[in-house]
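Single-structure report; data block below.
These values consider heavy atoms only, across backbone and side chains, with no hydrogens, waters or symmetry-generated copies.
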Amino acid sequence: QVQLVESGGGLVQAGGSLRLSCAASGRTVSRHVVGWFRQAPGQEREFVAATSWSGGIKYAESVKGRFTIATDNAKATVDLTMNNVKPEDTAVYYCAAAIDVRVMGARGTDWGQGTQVTVSS
């Protein structure tokens, strides 16, 4: 099991930038894929981005070109830098870890507590 603690988030104007950070810990953390999901009010939780600790990055089409996911292996953190944010990016953002990107979000995924991001127009 991987423990995940998010930080960052808050209120930002449309077109602005924000960075989320997730500290990962646990005996098997290096063998997990890590990433970010988000959930807007009344909607399903959706995939945002994921990466392994050695690369192999995936993005949702809705954030490609605007968001960047990056790991700091020495600190065991995974950051999500959000540029040119839009009101539709408003959601609770969750850090996630899974044994494989193909099952990320499914049963067995470890989750952080979530952090709110609000984009004002």
Do the non-hydrogen side-chain atoms of [X] and [Y] ever get within less than 4.5 Å of each other?
{"X": "Glu44", "Y": "Glu46", "result": "no"}
{"X": "Gln116", "Y": "Leu11", "result": "no"}
{"X": "His32", "Y": "Ile99", "result": "yes"}
{"X": "Met82", "Y": "Leu80", "result": "yes"}
{"X": "Arg38", "Y": "Val117", "result": "no"}

Would you name the heavy atoms of [X] and [Y] that are closest together and state the gap between them?
{"X": "Ala24", "Y": "Leu4", "result": "CB-CD2, 3.7 Å"}
{"X": "Pro87", "Y": "Ser121", "result": "CG-CB, 3.9 Å"}
{"X": "Thr77", "Y": "Ala23", "result": "CG2-CA, 4.1 Å"}
{"X": "Val85", "Y": "Phe67", "result": "CG1-CE1, 4.4 Å"}
{"X": "Gly114", "Y": "Val92", "result": "CA-CG1, 3.9 Å"}
{"X": "Val29", "Y": "Trp53", "result": "O-NE1, 2.9 Å"}

Is a side-chain donor or acceptor of [X] paired with a backbone partner of [Y] at a separation under 3.5 angstrom?
{"X": "Thr115", "Y": "Gly8", "result": "yes"}
{"X": "Thr109", "Y": "Met104", "result": "no"}
{"X": "Glu6", "Y": "Gln113", "result": "yes"}
{"X": "Asp110", "Y": "Val2", "result": "yes"}

Checking Tyr94 against Arg45 for the side chain to side chain contact (heavy atoms under 4.5 Å, CB included) test, could you report, in this order, the C-alpha distance in whole Å, the side-chain angles of both residues, the deciding distance, and whether it holds? CA-CA 9 Å; Tyr94 295 91; Arg45 191 173 297 188; 3.5 Å; yes

Membership question, hydrophobic clusters at under 4.5 Å side-chain separation (ILVMFWY): are Val48 and Val101 in the same one? no

If I take atom [atom1] from residue [X] and atom [atom2] from residue [Y], how far apart are they, to the nearest 0.5 angstrom?
{"X": "Leu18", "Y": "Thr118", "atom1": "CG", "atom2": "OG1", "result": "9.5 Å"}
{"X": "Trp36", "Y": "Phe47", "atom1": "CH2", "atom2": "CZ", "result": "13.0 Å"}
{"X": "Ser52", "Y": "Arg31", "atom1": "OG", "atom2": "CZ", "result": "14.5 Å"}

In terms of relative ring orientation, are Trp111 and Phe37 parallel, tilted or perpendicular, with 30° and 60° separating the classes? perpendicular

Only one of Val34, Leu20, Asp72 clears side-chain contact (heavy atoms from CB on, under 4.5 Å) with Val78; which? Val34

